[in-house]
Amino acid sequence: MEFETRSAYSPGHITGFFQICNHADPHQKGSVGAGLVLNNGVSSVVQTFQGEGKTVITFNGIQKAADFSDESANSVLTVISEISKLAEEKYGSAFHFNIDEQSNLPAGSGFGLSAAGAISTAFAAGSSLRIAVPKSEFIEMAHYAEVVSGSGLGDVAGETAGGLAVRENPGGPKFGKYYSVPLSNSELQKKIYCLVLGELSTKSVISDDDCIQRINKAGAAALQSFLKKPGLESFMDESFKFTKDIGLLGKTAEKVIDSIDSADGKAAQAMLGNTVFAIPSNREGADEYIRDLMKKHGDVYECKIGTEKPHVICRHFKSFQL
Ligand SMILES: Nc1ncnc2c1ncn2[C@@H]1O[C@H](COP(=O)(O)OP(=O)(O)O)[C@@H](O)[C@H]1O
Ligand SMILES: CC(C)(COP(=O)(O)O)[C@@H](O)C(=O)O
């Protein structure tokens, strides 16, 4: 049987502050907190082949491990194994895939690209295999995959909500409570400047008891005070405080954040990456000041807040529910 190649997109997401919510059931495990969904993310092209074979994953042309031997791309592999189970039920045979992920942002730097890769792969593979389940089931699969891989807790929920995304209860669509806080047009036009200083393994941080304690104390306080006055400004203020409280920042990142004083904008650490993100103030020259400051230290990525939801890029089957 022939299966068409399909593409899907999911935005990335920068968490500003979060609290880890543990649970024995991965569907109920996750995080609460808030983050910014970006106008940039991951597009995945999935080619489907019937029969046994090796699934190949490439991220920006670089091939990832095709087994679970390292954390890289595990969330995508987990999604694929869940989709394969549904496909096997439907067609009675095994499948393998070529997954080609593309992104303008770097992986492992706090942009939630493991989640964006998992969501876009679930949508594209599900569409290619004509698995007619509601969209929310693919999103739930991506949340499960992130949690069991240890690569994320709340990015799938955030990326599904869009904009300034708040997560009040942990989980995906089944158990989570998440929504988008309304923003003004001028806030949506603001640039988000991101300085990437290297990778930071999410898995190593969220499995370290000491880190978990600090994150949870600061995250609970941040969410409580953000919810009293939800908005972009309070989001940046709480993210700044959270950054300082959990103390995972390198020296350079700290220096850059402290050099952006309130006249020019607000800055914090993108969780969980060795990355600074900043939103300029309305002062004339604030954008240039932040961009020039960041460029002295490393690679700078310019984004905006994204309102586009995860979706299949090309779709031919009218009866298909995505
Ligand atoms: N979409 C992706 N596809 C393949 N590998 C990825 C993807 N996103 C992240 N990775 C890799 O997975 C590991 C864990 O990433 P993580 O810290 O969760 O990244 P991110 O902050 O981008 O979500 C890192 O080695 C990273 O390079
Ligand atoms: C902060 C993090 C636990 C990881 O985010 P990332 O490194 O971008 O995958 C996120 O999933 C969250 O729960 O808020």
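Start at 1 and go down the list; that is how both ligands and their atoms are numbered.
- Judged purely by atom type and a 3.5 angstrom limit, T48 has no side-chain atom pairing as donor or acceptor with the backbone of F97.
- Neither the backbone nor the side chain of S103 comes within 4.0 Å of ligand 1, counting heavy atoms alone.
- Using bins of under 30°, 30° to 60° and over 60° for the plane-to-plane angle, the ring pair F123/F138 lands in the perpendicular bin.
- Compare T275, V76, L272, L113 by their heavy atoms: the one nearest to atom 20 (P) of ligand 1 is in L113.
- Using a 4.0 Å heavy-atom cutoff, E146 is absent from the residues neighbouring ligand 2.
- G273 does not count as a contact of ligand 1, since none of its heavy atoms falls under 4.0 Å from the ligand.
- The nearest protein atom to atom 5 (O) of ligand 2, hydrogens excluded, is given as D155 OD2, 3.0 Å; this is a heavy-atom distance.
- In this structure, the protein non-hydrogen atom closest to atom 7 (O) of ligand 2 is T202 OG1, 2.5 Å.
- By the 3.5 Å distance cut-off applied to N or O atoms, G112 is counted among the residues near ligand 2.
- Ligand 1 has an N or O atom lying under 3.5 Å from an N or O atom of T202, backbone or side chain.
- At a heavy-atom distance under 4.0 Å, no atom of Q19 approaches ligand 2.
- Annotation for ligand 1: atoms under 4.0 Å from non-hydrogen atoms of L200 are 17 (O).
- For ligand 2, the atoms sitting less than 4.0 Å from at least one non-hydrogen atom of G110 are 8 (O), numbered in the order shown with element in parentheses.
- Residues K174 and E137 are not paired through a salt bridge, judged by the lack of any N-O separation under 4.0 Å between the basic side chain and the carboxylate.
- Evaluated by nearest non-hydrogen atom to atom 25 (O) of ligand 1, the leading choice among K64, E146, E199 is E199.
- For K255, the NZ atom counts as loosely surrounded, since its 6.0 Å shell holds 12 or fewer non-hydrogen atoms of other residues, nucleotides or ligands.
- Residues I62 and V196 do not share a hydrophobic cluster, clusters being chains of Ile/Leu/Val/Met/Phe/Trp/Tyr side chains in contact below 4.5 Å.
- Note on ligand 1: G152 sits outside its first shell, no heavy atom being nearer than 4.0 Å.
- Aromatic rings from F242 and F18 are positioned such that their centres are separated by under 6.0 Å.
- The proximity of S151 to ligand 2, defined as any non-hydrogen pair under 4.0 Å, is limited to the backbone.
- Salt bridge K190/E187: absent, no basic N to carboxylate O contact under 4.0 Å.
- Of all atoms in ligand 2, numbered sequentially from 1 with element shown, those under 4.0 Å from a heavy atom of S31 are 12 (C), 13 (O), 14 (O).
- Where the criterion is an N or O separation shorter than 3.5 Å, residue side chain and backbone included, S151 meets it with respect to ligand 1.
- For atom 14 (O) of ligand 2, the closest heavy atom belonging to the protein is T15 OG1, 2.7 Å.
- Closest heavy-atom approach to atom 26 (C) of ligand 1 within the set G108, S114, G12, A270: this belongs to G108.
- Residue F111 approaches ligand 2 through these ligand atoms, each under 4.0 Å from one of its heavy atoms: 8 (O).
- No side-chain N or O of S44 forms a donor-acceptor pair with one of E101 less than 3.5 Å apart.
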